[in-house]
Amino acid sequence: MVTTKSQSNVLRYDIVGSRRFSNYCFAVIVAIGASGFLLAGISSFLKINLLPFSDPLQLEFVPQGLALSFYGVAGTLLELYLLYVMAIDYGSGYNEFDRNSGKVTLFRQGRSKSKNIELSYKMTDVQAVRVEIRNGLNPKRALYLRVKGKGDLPLSEVGQPIALTALEDQAAEIAKFLAVPLEGL
């Protein structure tokens, strides 16, 4: 998360969405794999070698070429979905704490303007900032905002667990800014 402070009365954290380096790498790998499978399937059907590094002409179209074509089409559809999600930057947004208006705003980008999520609460309804740390095979480091009548709302972004020191610093900064207790540390 990136901290942006425009005024001393506003605290804002930008959330990274699906435009991550890891997603770009995964999209490139899926595109290469899908095109390879699709070209191998088409080569076995047309009996023309479309791949310079292998010889798919030895494959029978039914069932090997057909299966390769299916995997190629499925990979291409996955690739199109990944490109769409990255184009709209799904999941990006911000957490804004504004003393001037007395509001806490959590915003996340959806598939369209009507699917965006924007939650606003009064600062007086915020009860605590909670930190959840779980180590092991599936580590989790998350930051939550406890709001009266709403439960715990996630503040941290999805993806790799953030560094413990950064999580602690951010939690302490938000708790101090909102003048609420910090739980979980």
Side-chain angles (χ1 to χ4, degrees), residues 1-31 77-185:
M1 284 190 225
V2 177
T3 306
T4 308
K5 293 182 185 178
S6 58
Q7 301 172 0
S8 63
N9 289 332
V10 177
L11 181 64
R12 181 181 168 122
Y13 290 96
D14 293 324
I15 305 293
V16 177
S18 60
R19 290 184 187 163
R20 300 172 185 264
F21 180 72
S22 60
N23 285 354
Y24 285 110
C25 290
F26 187 69
V28 168
I29 291 168
V30 168
L77 292 175
L78 177 62
E79 172 66 19
L80 291 174
Y81 173 73
L82 288 172
L83 290 175
Y84 169 71
V85 165
M86 287 188 293
I88 64 170
D89 200 15
Y90 189 79
S92 65
Y94 59 86
N95 301 324
E96 186 174 77
F97 309 94
D98 189 352
R99 283 189 189 144
N100 296 332
S101 64
K103 286 189 175 182
V104 173
T105 305
L106 310 176
F107 176 81
R108 300 296 183 271
Q109 179 72 37
R111 291 187 318 238
S112 64
K113 291 209 183 275
S114 64
K115 301 290 183 184
N116 290 345
I117 297 173
E118 185 169 1
L119 306 172
S120 289
Y121 300 102
K122 295 178 186 174
M123 286 181 119
T124 56
D125 290 343
V126 176
Q127 295 176 324
V129 175
R130 186 172 70 84
V131 176
E132 183 178 342
I133 300 170
R134 185 176 63 212
N135 293 319
L137 291 176
N138 189 15
K140 181 177 183 179
R141 295 181 188 149
L143 190 58
Y144 295 95
L145 191 68
R146 181 165 294 149
V147 178
K148 190 184 309 177
K150 299 294 180 186
D152 292 346
L153 303 172
L155 295 178
S156 48
E157 55 193 38
V158 178
Q160 291 287 68
I162 53 180
L164 197 53
T165 55
L167 181 72
E168 290 171 348
D169 291 345
Q170 182 182 357
E173 185 178 23
I174 293 171
K176 183 179 177 183
F177 187 83
L178 296 174
V180 295
L182 178 60
E183 299 175 349
L185 285 180

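At least one donor-acceptor pair under 3.5 Å links the side chain of Asn116 to the backbone N or O of Gly110. For the pair Arg99 (side chain) and Leu11 (backbone), a donor-acceptor distance under 3.5 Å is absent.
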Return a table of donor-acceptor pairs under 3.5 angstrom between the side chains of residues 133-153 and protein atoms on other chains or two or more places apart.
from, atom 1, to, atom 2, distance (Å)
Lys140, NZ, Tyr144, OH, 3.1
Arg141, NH1, Ile162, O, 3.3
Arg146, NE, Asp152, OD1, 2.9
Arg146, NH1, Glu183, OE1, 2.5
Arg146, NH1, Glu183, OE2, 3.3
Arg146, NH2, Asp152, OD2, 3.4
Asp152, OD2, Arg130, NE, 2.8
Asp152, OD2, Arg130, NH2, 3.1

Could you pull out all donor-acceptor pairs under 3.5 Å where a side-chain atom in residues 85-93 meets a protein atom, sequence neighbours excluded?
from, atom 1, to, atom 2, distance (Å)
Asp89, OD1, Ser18, N, 3.3
Asp89, OD1, Arg19, N, 3.3
Asp89, OD2, Ser92, OG, 3.3
Ser92, OG, Asp89, O, 2.9

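Residue pairs that meet the ring pair (Phe, Tyr, Trp, His ring centres under 6.0 Å) test with at least one member in residues 94-122, sequence neighbours left out, are Tyr94-Phe107.
Partners of Glu96 according to the salt bridge (Lys or Arg N to Asp or Glu O under 4.0 Å) rule, which considers only residues two or more places apart in sequence or in another chain, are Arg12. Scored by the side chain to side chain contact (heavy atoms under 4.5 Å, CB included) test, Ala163 finds Thr165, Ala166 as partners (sequence neighbours excluded). Every residue meeting the side-chain hydrogen bond (donor to acceptor under 3.5 Å, both in side chains) condition with Ser112, not counting sequence neighbours, appears here in chain and number order: Ser114.
To the nearest 0.5 Å, the span separating NZ on Lys103 from CE on Met123 amounts to 12.0 Å. Here the CG atom belonging to Leu164 is positioned 9.5 Å from the CG atom belonging to Asp169, to the nearest 0.5 angstrom. Between atom CG of residue Leu178 and atom CD of residue Glu173 there is a gap of 10.5 Å, rounded to the nearest 0.5 Å.
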Trace of the side-chain contact (heavy atoms from CB on, under 4.5 Å) decision for Tyr13 with Leu155: CA-CA 9 Å; Tyr13 290 96; Leu155 295 178; over 6 Å; no

side-chain contact (heavy atoms from CB on, under 4.5 Å) assessment of Arg108 paired with Ile15: CA-CA 8 Å; Arg108 300 296 183 271; Ile15 305 293; 3.8 Å; yes

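Scanning both residues, Glu118 and Thr105, for their nearest heavy atoms gives OE2-CG2, 3.7 Å. Of all heavy-atom pairs spanning Leu106 and Asn95, the tightest one is CD2-OD1, 3.3 Å.
Around the OH atom of Tyr24, the shell of radius 6.0 Å holds more than 12 heavy atoms that belong to other residues, nucleotides or ligands.
Counting heavy atoms from C-beta on, the side chains of Leu77 and Tyr81 never come closer than 4.5 Å.
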